[in-house]
Amino acid sequence: GNSVTQMEGPVTLSEEAFLTINCTYTATGYPSLFWYVQYPGEGLQLLLKATKADDKGSNKGFEATYRKETTSFHLEKGSVQVSDSAVYFCALPRGNNAGNMLTFGGGTRLMVKP
Amino acid sequence: DTGVSQNPRHKITKRGQNVTFRCDPISEHNRLYWYRQTLGQGPEFLTYFQNEAQLEKSRLLSDRFSAERPKGSFSTLEIQRTEQGDSAMYLCASSLGASGGATSREQFFGPGTRLTVL
């Protein structure tokens with residue numbers, strides 16, 4: 001089945017710093033790719049997605065580009081805020097499944113200091 | 001609030017006891033998923049319903065686990081004879097499903113039920 005690997009955390013940055021969280025995947029075909037975010041004490045929220053190669057997903061200042069050449073979907077933000085402190089998960093469908101069940105990376109904890 | 005809700009939010013139990021969790025999905029969503037998340041890890045798929053039919057179960061779902069969605073609305077996840085290794089966050093998600101194959105339908109997650117087995 002499909003799998004995803006993301007950089008381990010924690011990542012500690014100062015406010016307004018540039019953020020990159022690496023995510024690479026192994027997949028059959030070209031499935032949709034997702035970034036989810038989990039704020040403390042809350043459930044996962046979809047942050048952004050890309051449905052085909054070369055697509056760029058973006059939301060709340062975060063961006064990620066679906067790069068099939070490097071099988072990557074790295075998450076970036078130009079200027080992080082304290083409120084971005086959370087755990088970020090890269091995900092994709094488990095395989096060619098009609099149910100669209102997801103497989104997730106291990107998560108990367110981001111801590112932003114004022 | 002029209003999001004996914006889960007109850008209870010926290011459950012502490014002794015080894016060997018049975019526990020049951022409930023998930024109420026977004027009302028028009030016909031797909032419902034259960035995932036398990038252990039500390040420091042990403043969620044792992046457990047099982048999936050389309051309406052009331054349980055269409056897939058992960059190998060993680062041992063015979064001590066059972067899930068139901070009797071009327072195609074809320075779902076319950078029961079763990080019998082709990083073990084310390086069952087301690088985790090149990091997440092429920094729901095989505096719209098498209099007939100005819102895989103799509104990139106967004107899954108909306110609930111806040112989870114944190115289970116601690118002593």
Side-chain angles (χ1 to χ4, degrees), chain A residues 1-10 21 23 25 27-53 55 57 59 64 66 73 86-109, chain B residues 1 3-7 9-10 23-26 29-51 53-61 89-114:
Chain A
N2 298 338
S3 64
V4 60
T5 302
Q6 62 182 105
M7 65 187 286
E8 293 188 14
I21 299 178
C23 170
Y25 65 89
T28 303
Y30 301 105
S32 297
L33 302 175
F34 306 88
W35 276 101
Y36 279 82
V37 59
Q38 189 173 33
Y39 297 104
E42 299 184 14
L44 276 73
Q45 302 174 24
L46 180 65
L47 179 61
L48 56 83
K49 69 181 181 184
T51 58
K52 61 183 186 295
D55 263 6
N59 185 26
Y66 189 159
F73 192 54
V87 182
Y88 293 81
F89 296 94
C90 188
L92 76 168
R94 295 173 76 220
N96 291 327
N97 63 88
N100 203 36
M101 293 79 75
L102 298 174
T103 188
F104 290 84
T108 303
R109 180 176 299 278
Chain B
D1 184 10
V4 178
S5 61
Q6 293 187 246
N7 289 287
R9 293 292 305 274
H10 303 274
C23 170
D24 287 89
I26 294 171
H29 285 182
N30 59 341
R31 291 183 173 178
L32 187 147
Y33 308 82
W34 286 98
Y35 293 84
R36 181 173 70 186
Q37 184 180 20
T38 53
L39 200 62
Q41 301 298 317
E44 296 173 293
F45 167 74
L46 291 179
T47 190
Y48 147 67
F49 291 84
Q50 175 132 340
N51 299 313
Q54 187 174 20
L55 297 186
E56 187 155 341
K57 294 191 287 188
S58 160
R59 287 172 296 178
L60 293 175
L61 213 66
M89 177 77 84
Y90 290 85
L91 298 170
C92 176
S94 69
S95 76
L96 289 170
S99 59
T103 69
S104 60
R105 300 287 182 171
E106 178 182 351
Q107 293 184 24
F108 292 82
F109 283 79
T113 295
R114 181 169 295 285

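Residue numbering restarts at 1 for every chain, and letters A, B, ... go by the order of the sequence lines.
Using a 4.5 Å heavy-atom threshold, the side chains of P43(B) and Y36(A) count as separate. Looking at heavy atoms from C-beta onward, F89(A) lies out of side-chain contact with Q41(B) at the 4.5 angstrom threshold.
Here CG of L102(A) is found 4.0 Å from CD of Q107(B). Values are rounded to the nearest 0.5 Å. Going from atom CE of M101(A) over to atom CG of L55(B) covers 8.5 Å, rounded to the nearest 0.5 Å.
Neither the backbone nor the side chain of E8(A) comes within contact range of chain B; no heavy atoms are under 4.5 Å apart. Heavy-atom distances place no part of R114(B) under 4.5 Å from chain A, backbone and side chain included.
Checked against the 6.0 Å centroid criterion, the rings of Y35(B) and F104(A) qualify as a close aromatic pair.
A salt bridge does not link E44(B) with R94(A): every distance from a Lys NZ or Arg NE/NH1/NH2 to an Asp or Glu carboxylate oxygen is 4.0 Å or more.
Within 6.0 Å of OH on Y39(A) lie more than 12 heavy atoms contributed by other residues, nucleotides or ligands.
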